[in-house]
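Report on the following structure.
Lettering follows sequence order; numbering is per chain, from 1. These numbers were taken from a predicted model, which means no experiment stands behind them.
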Amino acid sequence: MPKRSKYCGELRASDTGNAVVLEGWVRKSRNFGGCLFVDLRDREGVAQVVFKPEVAGEPLMKRAGELRPEWVVRIGGEVLSRGENVNANMPTGEVEVAAASLEVLSRSEVPPFPVEDEINATEVTRLTHRALDLRRPPVQRMLLERSRITRIIREYFADNGFVDVETPFLTRSTPEGARDYLVPSREDPKGRFYALPQSPQIFKQLLMVAGFDRYMQIVRCFRDEDLRADRQPEFTQVDVEMSFVEPEDVRAVIDGLFQLILKKIAGHEITLPVPCMTYEETISRYGVDNPDVRFGLELLDLTDAVRGGGFGIIDSAIEAGGEVCGLRLEGVTFSRKQVDALAEVVRTHGAKGLLWLRKEPGGWAGPAKKLAPEALEAAGEAAAAAEGDTILFVADSRMTARTSMGRLRVHLARQLGIIPENSWGLVWVTDFPLLEHSEEEDRWVSMHHPFTSPRPEDMDRLTSDPGSVRARSYDIVLNGQEVGGGSIRIHDREMQTRIFRALGIGDEEAEEKFGFLLRSLRYGAPPHGGIALGLDRLVGILLGAESLRDVIAFPKTTSASCLLSGAPSTVAADQLAELGLMIEGGVKE
RNA sequence: GGGGUGGUAGUUAAGUCGGUUAUAACGCCGGCCUGUCAAGCCGGAGGCCGCGGGUUCAAGUCCCGUCCACCCCGCCA
């Protein structure tokens, strides 16, 4: 029999009368004893094949009757109009193929779940049989769309003069940042390890020193940290670096990319430039560094209004240098049970509790009505509260109050359904602090990474007030999720040394761990900067995926295992011996 | 590392106060059926109740431990 002449999903009324050959998977068959219908599926869709005794003949009817779901077949026949029996729910529903020949290419056991759009199999079942799951049209569509997106990205950067260069996966472990995935080396001396890259950061900087001017790579990165719905141990970055640039140059390139992707994938037009907000501003207005700007409901600073209002918890929080941060919900009343649930949200983010006030005809309701009358008045005014409005608030340290209320803001927006459908909130957050204090290690650590350039005007505070030094950094946030982050890098060796010292990395250690970067800075490093976009996350948001796992062909579970392959697995004793490794306490099964 | 939810036919779920032979739907197998497309009708098979221990005359059900999955906190430059 000749090979495929058309995809199943491509059949249309215009094909009527033509002889076609289809190849695909049997989705379902409906046997009427006399005639028999088979739905045949391939990547592009489903077509109905009909076996009729007068066309197919007895032996073929008998073989067609044996077909079962997920058998792989090649079917030849004539495309006929369905006449009265058109199925308006299928793109191919105007026609059917009257089978004249049938070749069974492969049989299938009964699949563990039906290969259909809507199934109620659990994720464990789906991931264990991922090939079958990926055969389902909605799952396949995600990866087909992902492929379209990466193609748009590659073309965009190629059109703008970026060079695609590959960087090593087997590289060296560096201090700072996430836990590395380690790969033992077999070579002498034993006891040496490669690390899989958390990102190609240093390599792309070396490419700038080398003079490539503009680099991009769609590259896998690895971080051995605990997982979340939006975090996989191996993930893909769109990695970008440019020479002779300021932050706005990098942002302009990424702005253009987002404009193109949103238009082509979501059919959404945006005007450029994408708005910028400083870190300080976003913390103050949204309480988080990844603001969801698709809706208002901004945070209120009620500190001055309720100061000295005679409410113990509030007064002591303010006296300790804290803040009172609130949200005003217009015309919303919460039940006791609902308030408890909301309080639980702020508590998981460190707040001690949630207070509330509701403006009623005769005055105020809620636990905070014990505040002095003038404080109540001032709070109502600061929140611009009208009758029927509820004010929720937290009194705590500034960051705890802001962060917990920022999380509550997003929680409430979802709960109250005030996030507009099919809207795209894109914003840059700039000027992050260069350093943050690590309580665990009791030292200053990089918020971004140690190669981030500080803003020069803040450098005089590097030792006196390290937390106030701002970085020349920028994150891009889409619908409340960080989808990328970058910075202008340090291209001056002296500056790099000063930053290492501020991080508590001595000259010797710096030389040993980062020597290959520092050395390159001695031989003519151009000013440079760049960004890395989280491709999985970006695709997930664009396609409305519920989990990152939906846009990754072979994802890992929350304990970083692969249900499909069984990785990670034990290895043979001689493999360990060759590497000079011993497992403490022996290998556990 | 901590908290929460879940695990019962191939799949998804129900299973009361601990009590007879563990239910249902879909799927599967057999039969009927010439216009279905969630096909229909009749019949049938199918169980390590995650795993291990304990309490009890008796455990899917109660207790302890453990494994796995998912969600969250910590963590993730």
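Taking only side-chain nitrogens and oxygens, A:Ser561 comes nearer than 4.0 Å to OP1 or OP2 of B:A69. Within the 4.0 Å cut-off from OP1 or OP2 of B:G7, not a single side-chain nitrogen or oxygen of A:Thr122 is found. Phosphate proximity of B:U34 to A:Arg30: absent, as no side-chain N or O sits under 4.0 Å from OP1 or OP2. Listed pair A:Thr557 / B:A69 meets the phosphate criterion, a side-chain N or O lying under 4.0 Å from OP1 or OP2. Contact check, A:Lys28 against B:C37: no side-chain N or O comes under 4.0 Å of OP1 or OP2. Using a 4.0 Å cut-off, some side-chain N or O of A:Thr558 falls inside it from OP1 or OP2 of B:C70.
Residue contacts shown for A:Pro111 are absent, as no nucleic acid heavy atom lies under 4.0 Å away. When heavy atoms are screened at a 4.0 angstrom cut-off, A:Pro114 is found touching no nucleic acid atom at all. Counting any heavy atom pair closer than 4.0 Å across all strands shown, A:Val110 reaches sugar-phosphate atoms only and no base atom. Across all strands, A:Asn31 comes closer than 4.0 Å to base atoms (heavy-atom distances).
With B:G30, B:G35, B:A69 as the candidates, the nucleotide lying closest to the side chain of A:Val124 is B:A69. The side chain of A:Arg223 lies closest to B:C76, out of B:A69, B:G35, B:C76. Residue A:Ala121 has its side chain nearest to B:U11 when only B:G35, B:U11, B:A69 are considered. Closest contact between the side chain of A:Arg228 and the listed nucleotides B:U36, B:C76, B:G74 involves B:G74.
Along RNA chain B, the nucleotide closest to A:Gln48 and the one closest to A:Glu225 are compared, and the more 5′ of them pairs with A:Gln48. Toward the 5′ end of RNA chain B lies the nearest nucleotide of A:Ser559, the other residue of the pair A:Gln201 and A:Ser559 mapping further downstream.
Not one N or O on the side chain of A:Arg470 forms a donor-acceptor pair closer than 3.5 Å with the backbone of A:Phe432. Judged by distance alone, with hydrogens and angles left aside, the side-chain atoms of A:Arg63 form a donor-acceptor pair with the main-chain N or O of A:Leu102 at under 3.5 Å. The closest donor-acceptor contact from the side chain of A:Arg461 to the backbone of A:Ser468 lies under 3.5 Å.
Atom name P, nucleotides B:G65 and B:C72: the rounded distance is 26 Å, in whole Å. Atom P of B:C26 sits at a distance of 29 Å from the matching atom of B:G19, rounded to the whole Å. Distance check on atom C1': B:U16 versus B:G53 gives 27 Å, rounded to whole Å. Remark: the separation of the P atoms in B:A58 and B:C41 is 46 Å, to the nearest Å. Taking atom C1' on both B:A13 and B:C17, the two are 23 Å apart, rounded to the nearest angstrom. Comparing B:G31 with B:C67, their P atoms are spaced 49 Å from each other, to the whole Å. The gap from the P atom of B:G40 to that of B:U36 amounts to 12 Å, rounded to the nearest Å. When the P atom is compared between B:U23 and B:C28, the two are found 23 Å apart, to the nearest whole Å.
Rounded to whole Å, the distance from CZ on A:Phe37 to C1' on B:C33 is 12 Å. If you measure from atom CE of A:Met61 to atom C1' of B:U34, you get 9 Å, rounded to the nearest angstrom. In this structure, the CZ atom of A:Arg407 is 16 Å from the P atom of B:C71, given to the nearest Å. Computed from coordinates, the A:Leu127 CG to B:U11 C1' distance equals 15 Å when rounded to whole Å. Distance CD (A:Gln232) to P (B:A69): 12 Å, rounded to an integer number of Å. Protein atom CD of A:Glu482 is 13 Å distant from nucleotide atom P of B:C76, rounded to whole Å. Nucleotide B:C75 holds its P atom 18 Å from the CG atom of A:Asp180, rounded to whole Å. Put simply, CG on A:Leu36 is 14 Å from P on B:C33, counting in whole angstrom units.
For B:G3, the base has no donor-acceptor partner in the side chain of A:Glu344 [N/O atoms by modelled type, under 3.5 angstrom]. With hydrogens and angles left out, the side chain of A:Arg231 and the base of B:C76 share a donor-acceptor pair within 3.5 Å. Taking 3.5 Å as the limit, the base of B:U36 and the side chain of A:Arg82 contain a donor-acceptor pair of atoms between them. The base of B:C70 does not come close enough to the side chain of A:Arg549 for any donor and acceptor atom to sit less than 3.5 Å apart. A donor-acceptor contact under 3.5 Å is not formed by the side chain of A:Arg347 with the base of B:G3.
Using the Watson-Crick or G-U wobble rule with both distances under 3.5 Å, B:A24 pairs with B:U12. Partner assigned to B:U61 is none, using Watson-Crick or G-U wobble distances below 3.5 angstrom. In this structure, B:C32 and B:G40 make a Watson-Crick or G-U wobble pair, each of the two defining distances being under 3.5 angstrom. The partner of B:A69 is B:U5, by the rule that a Watson-Crick or G-U pair needs both atom distances under 3.5 Å.
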Practice task
Apply salt bridge (Lys or Arg N to Asp or Glu O under 4.0 Å) to the pair A:Asp340 and A:Lys337, showing each step before the final yes or no.
Solution key: CA-CA 5 Å; A:Asp340 286 349; A:Lys337 202 174 160 188; over 6 Å; no
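Under a cut-off of 6.0 angstrom, the local environment of CD in A:Glu23 is crowded, with over 12 non-hydrogen atoms contributed by other residues, nucleotides or ligands.
Pairs engaging residues 474-486 of chain A under the salt bridge (charged side-chain N to carboxylate O under 4.0 Å, His left out) rule: none recorded [sequence neighbours left out].
Each of A:Leu503, A:Ile499, A:Asp458 was scored for a side-chain contact (heavy atoms from CB on, under 4.5 Å) with A:Leu434, with one residue passing: A:Ile499.
The residues A:Glu44 and A:Arg12 are annotated as not salt-bridged, no charged nitrogen and carboxylate oxygen being separated by less than 4.0 angstrom.
Under the salt bridge (Lys or Arg N to Asp or Glu O under 4.0 Å) criterion, A:Asp224 pairs with no residue, sequence neighbours left out.
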